[in-house]
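Everything quoted here is computed from the prediction, not taken from an experiment. Atom set for the values below is all heavy atoms of this structure, side chains included, hydrogens, waters and symmetry mates excluded.
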Amino acid sequence: MPELPEVETVRRGLEPALVGKRLERVETRRKDLRFPLPQDMAVRLTGRSVTALGRRAKYLLIHLSEEPAGGAETLLCHLGMSGSFRVEEGVTGAFHHPRSVAPRHDHVVLETADGTRVTYNDPRRFGFMDLVPTARLDENPHLCALGPEPVGNTPLAPHLARLFGGKRAPLKAALLDQKGIAGLGNIYVCEALHRAGLSPRRGAGTLVGANGRATARLERLEEAIRAVIADAIAAGGSSLRDHRQTDGALGYFQHAFRAYDREGQACPTPGCGGTITRIVQSGRSTFYCPACQR
DNA sequence: AACACCCCCTGTCGGC
DNA sequence: TGCCGACAGGGGGTGT
């Protein structure tokens, strides 16, 4: 599920459920996801209040109130490939699943004082969580090397020009690197490249001029990235397989895909007449139109 | 340094 | 029906 638009959708869905609430009961149903959960995570979270929900790239940031003994901390969550949160209201005093009958792959449960239950489910367990001092969030190894967000005012093309200059790696691979534009994944890279009319096979360095500045193509790519991310957030993200938003609703951006998962179908570019093709780059599927993406 | 490859894990789907 | 391989929204680690 989770590239930037999906994580942003999760953040917005969890906001009313968690912000301003005290965590009354916290349960970790296993010791690790991809990495070990933070030491004593349940104990350290219980009794704290959620002050705000943030997002950095594909990371969800659950900001917590200060505890008497120390400063504020943030629970940093990455959803990996298959992580999701669901919200259930009014569970105060409700039956609490024993481990044996809990829905499969429910790994972390947060219950607030007003009877809201937020459950993290992740079949593949590629997700992970970390509990870090809020004041030093920027120094966290997961966050410190991330590139700029594709939402907001930071210009992207100059940053990409510095990064892509001289690179022979395919554009597709270069854009998946989170040091470039943070938050893009396989779907939105394919979609942005299609909108920009750029081939995923083109060398990343070909978008940089001899003067080291962004070319017109790179400027076009920036606009395509911004547009596809904004459109996807507005649509509530993409729902592949059974992924749901926190309230159970489906995102609907998958209906707006122009290239991703459309192998063999007609290219939607007006007047193109090409066919969407699937290739494999660094072990992952790339979908593009060889006719209009050059 | 840059890049290709493998791995983590579970579930689903298509082909035989 | 069942078995088997391919594949899935990510990214960290290793080897060349």
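Between Arg278(A) and dC7(C) there is a side-chain N or O to OP1 or OP2 distance below 4.0 Å. OP1 or OP2 of dG10(C) has at least one side-chain nitrogen or oxygen of Arg284(A) nearer than 4.0 Å. The phosphate of dG11(C) has OP1 or OP2 within less than 4.0 Å of a side-chain N or O from Gln178(A). Between Arg125(A) and dC8(B), a side-chain N or O to OP1/OP2 separation shorter than 4.0 Å is absent. For the OP1/OP2 pair of dG10(C) and a distance below 4.0 Å, the side-chain nitrogens and oxygens of Tyr59(A) include no atom meeting the criterion. For His78(A) and dG11(C), the shortest distance from a side-chain N or O to OP1 or OP2 is below 4.0 Å. Distances shown here put a side-chain N or O of His105(A) below 4.0 Å from the OP1 or OP2 atom of dG11(B). At dG10(C), one or more side-chain N or O atoms of Lys58(A) fall inside 4.0 Å of OP1 or OP2 (strictly under the cut-off).
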Would you write the dot-bracket representation of DNA chain C, where each base gets (, ), [, ], | or . depending on whether it forms a Watson-Crick or G-U pair under 3.5 Å and with which partner?
-> .|||||||.|||||||
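When distances are taken from the side chain of Arg124(A) to each of dC8(B), dG9(C), dT10(B), the shortest belongs to dT10(B). Taking only side-chain atoms of Leu240(A), from C-beta outward, the nucleotide of dG9(C), dA8(C), dG11(C) with the closest atom is dG9(C). Of the candidate nucleotides dG11(B), dG9(C), dG12(C), dG12(C) has the atom nearest to the side chain of Phe35(A). The side chain of Ile187(A) lies closest to dG9(C) when the candidates are dG12(C), dG11(B), dG9(C).
Between Glu6(A) and Lys58(A) there is no salt bridge, since no side-chain N of the basic residue sits under 4.0 Å from a carboxylate O of the acidic one.
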Could you go through the salt bridge (Lys or Arg N to Asp or Glu O under 4.0 Å) check for Arg195(A) and Asp231(A) one step at a time?
-> CA-CA 12 Å; Arg195(A) 291 189 185 210; Asp231(A) 289 353; 2.9 Å; yes
Take Arg217(A) and Glu219(A), measure what salt bridge (Lys or Arg N to Asp or Glu O under 4.0 Å) needs, and give me the verdict at the end.
-> CA-CA 5 Å; Arg217(A) 284 190 178 94; Glu219(A) 301 282 357; over 6 Å; no
Can you name the atoms? Protein N/O to nucleotides 2-5 of chain B N/O, anything below 3.5 Å, with the distance.
residue: dC3(B); atom: OP1; partner: Arg168(A); partner atom: N; Å: 3.2
residue: dC3(B); atom: OP1; partner: Ala169(A); partner atom: N; Å: 3.0
residue: dC3(B); atom: OP2; partner: Lys167(A); partner atom: NZ; Å: 3.3

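Residues Ser238(A) and Tyr188(A) bring a donor and an acceptor atom of their side chains to less than 3.5 Å of each other.
Here the rule is side chain to side chain donor-acceptor pair (under 3.5 Å) with His63(A), and of Thr74(A), Thr134(A), Thr51(A) only Thr74(A) fits it.
For Phe128(A) and His142(A), the ring centers are positioned less than 6.0 Å apart.
With centres under 5.5 Å and a plane angle under 30°, the ring of Phe126(A) is stacked against the base of dG10(C).
Using cut-offs of 30° and 60° on the angle between ring planes, the pair Tyr260(A) and Phe287(A) is perpendicular.
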